[in-house]
Number of protein chains: 2
Amino acid sequence: MKEKKEISLEKPCSVGKAMGIIKGRWSFPIIRALMQETLRFKELERAVFSINTRMLVKELKELANEGLITRKAYATVPPTVEYSLTEKGRALRPVIAEIEKWSANFL
Amino acid sequence: MKEKKEISLEKPCSVGKAMGIIKGRWSFPIIRALMQETLRFKELERAVFSINTRMLVKELKELANEGLITRKAYATVPPTVEYSLTEKGRALRPVIAEIEKWSANFL
DNA sequence: CCGAATCCTCGGTGATACTG
DNA sequence: CAGTATCACCGAGGATTCGG
């Protein structure tokens, strides 16, 4: 199923694979929003400015698939679903920190 | 000129702008190749595995435009063009380092 | 050797309406 | 509230050829 292309993005230097995961337009914004606290779907939709439902769903699914976030659904009415970062996801904090540092210095 | 869309990618958190620069599929591979040494066009084409001419030209232009790399042409025959990182470009080293660290731990 | 110029494909993204 | 379902678009990316 899916059978992604998985051509060698470059030398075997691991950065390529990582970028393959966090390359999306919304990956970092979402991760960043969850970095502070667990959020529900609607809260995320508001927190990540200008994203729409479809993209949010899609990204959340991908991120969950990569093991960066956890989806927890409660059988309440109305439904409640909470998203939070996994260890793997939280481990991206230093990466984001470095990017922000770079942005601050050169942008 | 150009007048990029520049809609607010997310909250004003700077990560968005940075990602806008390094999001391309080839940005990091190229930067990484140049991190070690100055390279000529053809050398780059070989160093960045599986890239093609057009993409290399395009990316180099964009990166030069963003001030990440420097293009230096010599009027020799045959022509010689060397690309090297600027300060701004080299400053991405810690970012890449963090990504590699993350990759090593979680991929 | 170093690109510029074309043509084309495909997936990421967006808007909107609908459902459990 | 938390998604699914469709339709449509645009630009990044690729293959190839041509020029200085």
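It should be emphasised that the depicted structure is a prediction, and the values quoted were computed from it without experimental measurement.
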(message) What is the separation between atom CG on B:Leu56 and atom P on D:dA15, rounded to the nearest whole Å?
(response) 14 Å
(request) In plain terms, say whether A:Arg40 and A:Glu43 are close enough for a salt bridge, that is, a side-chain N and a carboxylate O under 4.0 Å apart. (result) no
(message) Heavy atoms from C-beta onward define the side chain here; which of D:dA2, D:dG13, C:dG14 lies closest to that of A:Thr80?
(response) D:dA2
(request) Scan B:Tyr83 against the nucleic acid and name what it touches under 4.0 Å (heavy atoms): base, sugar-phosphate only, or nothing. (result) sugar-phosphate
(request) Please report, rounded to the nearest Å, how far the P atom of C:dC2 is from the OH atom of B:Tyr74. (result) 12 Å
(request) Name every residue in residues 36-44 of chain B that has at least one heavy atom under 4.0 Å from any atom of DNA chain D, in order of residue number, or write none if there are no such residues. (result) none
(message) In this structure, how many angstroms lie between the P atom of D:dA2 and the CD atom of A:Glu59, rounded?
(response) 18 Å
(message) Regarding B:Val57, tell me which of base, sugar-phosphate or nothing describes its non-hydrogen contacts under 4.0 Å with the strands shown.
(response) sugar-phosphate
(request) Salt-bridge test for A:Arg32 and A:Glu100: reply yes if a basic N is under 4.0 Å from a carboxylate O, no otherwise. (result) yes
(request) Assign B:Lys61 to base, sugar-phosphate, or nothing according to its heavy-atom contacts below 4.0 angstrom with the strands shown. (result) sugar-phosphate
(message) Just to verify, what does B:Ala91 make a side chain to side chain contact (heavy atoms under 4.5 Å, CB included) with, not counting sequence neighbours?
(response) A:Trp102, A:Phe106
(message) Rounded to whole Å, how long is the line connecting atom CD of B:Glu45 with atom C1' of C:dA4?
(response) 14 Å
(request) Output every pair passing salt bridge (charged side-chain N to carboxylate O under 4.0 Å, His left out) with a member in residues 77-92 of chain A, not counting sequence neighbours, ordered by first then second residue. (result) A:Glu87-A:Arg90
Write down the protein N/O and nucleotide N/O pairs, taken from nucleotides 15-20 of chain C, whose separation is under 3.5 Å; answer none if there are no such pairs.
{"residue": "C:dA15", "atom": "N6", "partner": "A:Arg54", "partner atom": "NE", "Å": "3.3"}

(message) Distance check needed: C:dG14 C1' versus A:Lys58 NZ, whole Å only.
(response) 11 Å
(request) Name all residues meeting the salt bridge (charged side-chain N to carboxylate O under 4.0 Å, His left out) criterion together with B:Lys58; count only those two or more places apart in sequence or in a different chain, and write none if there are none. (result) none
(message) Can you list everything that forms a salt bridge (charged side-chain N to carboxylate O under 4.0 Å, His left out) with B:Lys72? Sequence neighbours excluded, please.
(response) none
(request) Write down the distance between CD (A:Glu82) and C1' (D:dC1), rounded to a whole number of angstrom. (result) 13 Å
(request) Check side chain to side chain contact (heavy atoms under 4.5 Å, CB included) between B:Ala73 and all other residues, then give those that pass, not counting sequence neighbours. (result) B:Arg71, B:Val81
(request) Whole angstrom is fine here: how far is it from CG in A:Leu60 over to P in C:dG12? (result) 16 Å
(request) For A:Thr80, enumerate each residue passing the side-chain hydrogen bond (donor to acceptor under 3.5 Å, both in side chains) test, keeping only those at least two apart in sequence or located in another chain. (result) A:Thr76
(request) Measure from CZ on A:Arg25 to P on D:dC9 and round the result to the nearest Å. (result) 19 Å
(message) Taking side chain to side chain contact (heavy atoms under 4.5 Å, CB included) as the definition, give me every residue that meets it alongside A:Lys42, ordered by chain and number, with sequence neighbours left out.
(response) A:Glu45, A:Arg46
